[in-house]
Structure formats: C-alpha cells, structure tokens
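One structure is given below, encoded as structure tokens.
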Amino acid sequence: MKVLKLNAISPVADEIFKGYEYSEHANNPEGIMLRSFAMHDYPIGENLLAVARAGAGVNNIPVDKCTEQGVVVFNTPGANANAVKELVLCELFLGGRKITEGANWAQTLKGQDGVPKLVEKGKGKFVGQEVLGKRLGVVGLGAIGAMVANAAVDLGMTVVGYDPFISVKNAWLINNRVQFTSDLNEIFRTCDYISLHVPLTPDTRGLVNAKTLELCKDGTVVINNARGELVVSADMISAVENGKISRYITDFPDESLLGRENILCVPHLGASTPEAEDNCAYMAAKQLVDYLENGNIINSVNYPSVSMPKTSAARVCVLHRNVKEILSKILAIVSSQGINVAHMQDQSKGEYAYLILDLDDNPSASSIDLIKNLAGIIRVRVL
C-alpha cells in the first residue's frame with residue numbers, strides 16, 4: 001500500500017509504515033499523512049481510503065468532500081494536549097504581568113552605565129498581577145481544556161468551565177473543584193481570564209465579538225490557542241484599545257493584530273514541541289494503518305468509531321448513508337449466499353454510518369457488487 005506524506009512527519013511514524021511505500025512522492029495513494037498542508041484544492045484519487053492529520057484541527061482538509069467519496073478523515077485528539085496546556089499556562093502569566101515588555105526594555109539598556117540602578121528605576125512601568133485567586137473561564141472542556149482547568153486549579157485560580165458537549169471521559173478527568181456553567185455569557189461577565197478551547201465550526205466562528213466582549217469586566221485577559229476565527233479581530237482590537245480587554249494573547253496572528261499594544265501574537269507554537277509532534281505522528285499513523293489493514297475506525301471526524309478484532313475468514317467494510325432498511329438489505333444479500341455472519345458492528349454519525357461484517361466464508365464478487373449497487377452505499381471493501 002502507498003501512503004503519501006504532504007508534510008514533514010516525525011520519524012516515529014516510519015516504523016509503523018514498514019512494508020508500505022511511505023514518502024512525499026507516493027502516487028495515487030491509499031492513505032495520506034499530513035499536518036498543516038491545505039488539501040482543499042488537492043485532487044482526491046480513486047484509491048484514497050483515508051487521510052490522517054497529525055493534530056486535532058481539520059480545517060485544512062475538505063472533510064465534506066472526503067465524506068461523500070468514502071474517505072475517512074482521522075485526527076489525533078489529545079496527542080498534543082500537554083504541549084498546548086503548557087503554552088496556555090505560560091500565557092496566563094504573560095496576560096497578568098508585562099514580562100515580554102519588561103524583557104524587551106531591559107535589552108535597550110545595553111551599553112548604558114549603571115544598569116542595575118536603571119532597572120530599579122524603570123521596573124515600575126511593568127507592574128502586573130498574580131493569577132492566584134483570579135477567576136478563569138475555560139470555554140471548551142476537551143482534552144486541552146480539561147488539562148488547563150485542572151492545572152489552573154492547582155495554581156490557586158477559581159475555574160469555571162463551559163462545554164455543552166463534554167464527553168463522559170473528560171468529565172471524569174476534571175478536578176472536582178472546577179465549577180461548571182451552562183451559560184456561556186456567565187464566563188464573559190464574571191471571569192478575569194478567559195481561555196478558548198473549542199473547535200472552529202459555523203456555530204463557534206466569531207464566538208468572541210463586540211457583543212460578548214461588552215459583557216466582560218474591565219481589564220479581562222483573553223487567551224486563544226484554539227482557532228483565530230473564533231475571535232472577530234476588529235472587535236478585539238477595539239476592546240483592547242478602550243481598556244475593556246487588558247490583553248489579548250493569540251496563537252493565531254493576523255496582520256491586523258500585529259504591532260498593537262497589549263496584543264501578544266504567538267506564531268502558532270501550541271503543539272510545536274518534539275514530544276507533541278512525536279505523539280501526534282504515532283497516533284495518526286497507528287489509526288491509519290489499523291483502518292487500511294483491519295477496517296477499524298478510531299478518532300474519525302466524519303465517520304463513526306467502529307472497531308473490533310478480526311477473527312473470521314473475511315471482513316466486509318461498508319461506508320453508507322444512515323438511511324432506513326439499508327442494513328437489512330445488506331444482510332439479506334449476505335444471507336442469500338449462504339454465508340454466516342460471525343460478528344458485526346454498525347454505527348452512525350449524523351447522516352453517515354459504518355458497518356463491519358466478519359464472515360465465516362469469503363463473499364463472491366457478485367454479492368459484493370450487489371451491495372455496492374444498493375442505494376445509499378458509498379464504499380465497500382473486502383479485507
């Protein structure tokens with residue numbers, strides 16, 4: 001099988017792809033590995049079965065197009081969570097104290113006499129506040145948000161989290177001292193610091209805007225390590241200039257934000273650690289190989305998770321639309337061939353679903369053709 005690299009990927013993936021043609025030059029591949037490569041104008045070949053992103057966000061991938069063509073898109077939630085959490089903690093301190101400004105000013109003293117006295121005389125311009133006892137609002141309690149919330153509690157902050165879609169797994173991981181709210185506006189109204197950890201969707205685009213910023217207390221610090229488009233930049237600039245927001249720190253600079261006082265632009269460093277890159281590459285590669293070889297889906301953004309050990313003579317994997325009676329029609333075709341179904345799983349995710357059938361005998365080519373020709377079938381593979 002061929003796997004194409006559209007970005008430089010950590011070499012920890014090389015071992016997982018042993019036996020594959022795995023390179024930047026693989027033609028018409030079954031799999032693609034990438035990080036930030038913009039795939040929206042990239043041709044999707046007939047052989048392509050899956051795309052794996054070594055990271056959480058998939059805005060650079062044409063997910064809808066892939067879904068329609070039966071291409072499973074994987075991501076790696078949580079693999080870079082610790083790296084992003086550590087950057088957020090750094091930014092909490094930068095938000096309250098003018099550390100970068102002070103350090104930059106100290107460099108200007110080079111060559112002057114009496115630097116220690118000049119430092120003592122000038123340090124008053126960079127007075128800041130401690131995070132101890134301050135109130136932090138965490139918007140989004142996924143892998144990163146949950147870790148940020150827990151770490152902030154340990155720093156002595158009062159933490160309130162908002163996430164209407166929190167998973168049971170993450171809920172169990174969150175410190176019981178973290179408060180929860182079902183009202184996002186409460187975060188804006190009451191918190192000294194706000195940290196964003198939600199995906200970019202049509203519903204979250206522009207989440208932080210003139211209206212929500214107006215709710216904030218004067219001097220609030222906003223930290224954005226999720227996606228730049230969650231914040232309306234023009235509205236944030238106005239809020240910083242009028243003092244409503246004391247500092248905006250973002251890992252997603254745009255030109256309008258650069259060079260402005262009290263707006264700190266970090267050059268997308270959230271997951272830029274060798275540990276995070278290794279973790280993401282390993283997780284993405286394992287998921288891609290498991291799907292290519294076994295048909296198992298784990299951590300897909302466009303198809304449901306379906307995974308089970310392969311123990312029978314043949315496995316049939318069917319990507320299909322989530323429509324009535326399609327499962328019974330598939331099973332009727334298999335049954336008409338006199339083949340026993342040893343194990344099966346079928347799960348849906350919105351309009352789409354995925355079926356794994358483990359069969360005691362190999363199905364005939366004609367029976368597979370019959371399944372492919374059913375209305376609502378997107379892709380069929382026999383392993």
Side-chain angles (χ1 to χ4, degrees), residues 1-26 29-45 47-67 71-88 140 142-147 170 197-201 225-228 251-252 266-294 296-303 305 307:
M1 286 190 181
K2 299 178 183 179
V3 174
L4 173 67
K5 289 194 287 186
L6 292 179
N7 290 108
I9 302 293
S10 166
V12 301
D14 295 353
E15 183 70 23
I16 298 168
F17 288 119
K18 272 193 172 179
Y20 285 70
E21 182 183 332
Y22 174 56
S23 74
E24 299 88 345
H25 309 292
E30 285 84 5
I32 287 177
M33 286 277 287
L34 80 167
R35 294 171 62 208
S36 58
F37 183 92
M39 266 194 72
H40 288 281
D41 296 323
Y42 193 83
I44 296 178
N47 285 352
L48 187 63
L49 299 172
V51 176
R53 178 166 191 268
V58 292
N59 302 90
N60 56 318
I61 300 170
V63 176
D64 290 345
K65 182 178 178 182
C66 288
T67 305
V71 176
V72 179
V73 179
F74 295 96
N75 68 345
T76 56
N80 60 13
N82 187 71
V84 180
K85 177 208 75 176
E86 290 186 2
L87 181 62
V88 174
I144 298 169
M147 293 179 73
N170 281 355
H197 300 284
V198 294
L200 179 64
T201 68
N225 283 277
R227 280 292 177 267
D251 206 23
F252 301 92
V266 181
H268 202 181
L269 298 181
S272 294
T273 69
E275 296 90 346
E277 291 181 7
D278 287 351
N279 290 342
C280 288
Y282 179 84
M283 188 172 175
K286 291 288 283 186
Q287 291 170 176
L288 182 55
V289 166
D290 195 18
Y291 179 67
L292 295 178
E293 296 183 1
N294 303 310
N296 291 325
I297 294 180
I298 300 172
N299 291 327
S300 169
V301 300
N302 59 342
Y303 281 100
S305 293
S307 178

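Residue indices begin at 1 and follow the sequence shown.
Side-chain atoms of M33 and F17, non-hydrogen and from C-beta on, do get closer than 4.5 Å to each other. Proximity of V3 to L292: side-chain heavy atoms (C-beta onward) are separated by under 4.5 Å at one or more points. Contact annotation: the side chain of N82 approaches that of E86 to within less than 4.5 Å [non-hydrogen atoms, C-beta and beyond].
The two residues G55 and N80 come nearest to each other via the heavy atoms CA-ND2, 4.4 Å. For A50 against L288, the heavy-atom pair with the smallest separation is CB-CD1, 3.5 Å. Looking at every heavy atom in both residues, C66 comes nearest to I44 through SG-CD1, 3.8 Å. When all heavy atoms are compared, the tightest approach of Y22 to A13 is OH-CB, 3.8 Å.
No donor-acceptor pair closer than 3.5 Å links the side chain of D251 to the backbone N or O of N225. Side-chain atoms of N7 come within 3.5 Å of backbone atoms of S36 as a donor-acceptor pair (strictly under, hydrogens ignored). At distances below 3.5 Å, not a single donor-acceptor pair connects side-chain atoms of E21 with backbone N or O atoms of A26.
Here K5 pairs with E24 under the salt bridge (charged side-chain N to carboxylate O under 4.0 Å, His left out) rule; sequence neighbours left out. The side-chain contact (heavy atoms from CB on, under 4.5 Å) check on T201 picks up P199, D203, T204, with sequence neighbours excluded. By the side-chain contact (heavy atoms from CB on, under 4.5 Å) test, E293 pairs with Y20, V289, sequence neighbours left out.
Atom OH in Y291 sits 8.0 Å away from atom OH in Y303 (nearest 0.5 Å). The CG atom of L6 sits 5.5 Å away from atom CG of L34, with the distance rounded to the nearest 0.5 Å. S307 OG to I298 CD1: the interatomic distance, rounded to the nearest 0.5 Å, is 4.0 Å. Atom CD1 of I32 sits about 5.5 Å away from atom CG of L4, to the nearest 0.5 Å. Separation of atoms CG (N299) and CD1 (I297) is listed at 11.0 Å; rounding is to 0.5 Å. The CD1 atom of I16 lies 10.0 Å from the CD atom of Q287; values are rounded to the nearest 0.5 Å.
Sequence neighbours left out, the pairs with a member in residues 56-66 that pass side-chain hydrogen bond (donor to acceptor under 3.5 Å, both in side chains) are N59-R227. Annotation: side-chain hydrogen bond (donor to acceptor under 3.5 Å, both in side chains) contacts involving residues 48-57, sequence neighbours excluded, are absent.
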For residues 269-285, please give each side-chain donor-acceptor pair under 3.5 Å, one per line with the distance, not counting sequence neighbours.
residue, atom, partner, partner atom, Å
S272, OG, H268, O, 3.4
T273, OG1, A276, N, 3.0
E277, OE2, R35, NH2, 3.3
D278, OD1, S10, OG, 2.5
N279, ND2, A79, O, 3.4
N279, ND2, E275, O, 3.3

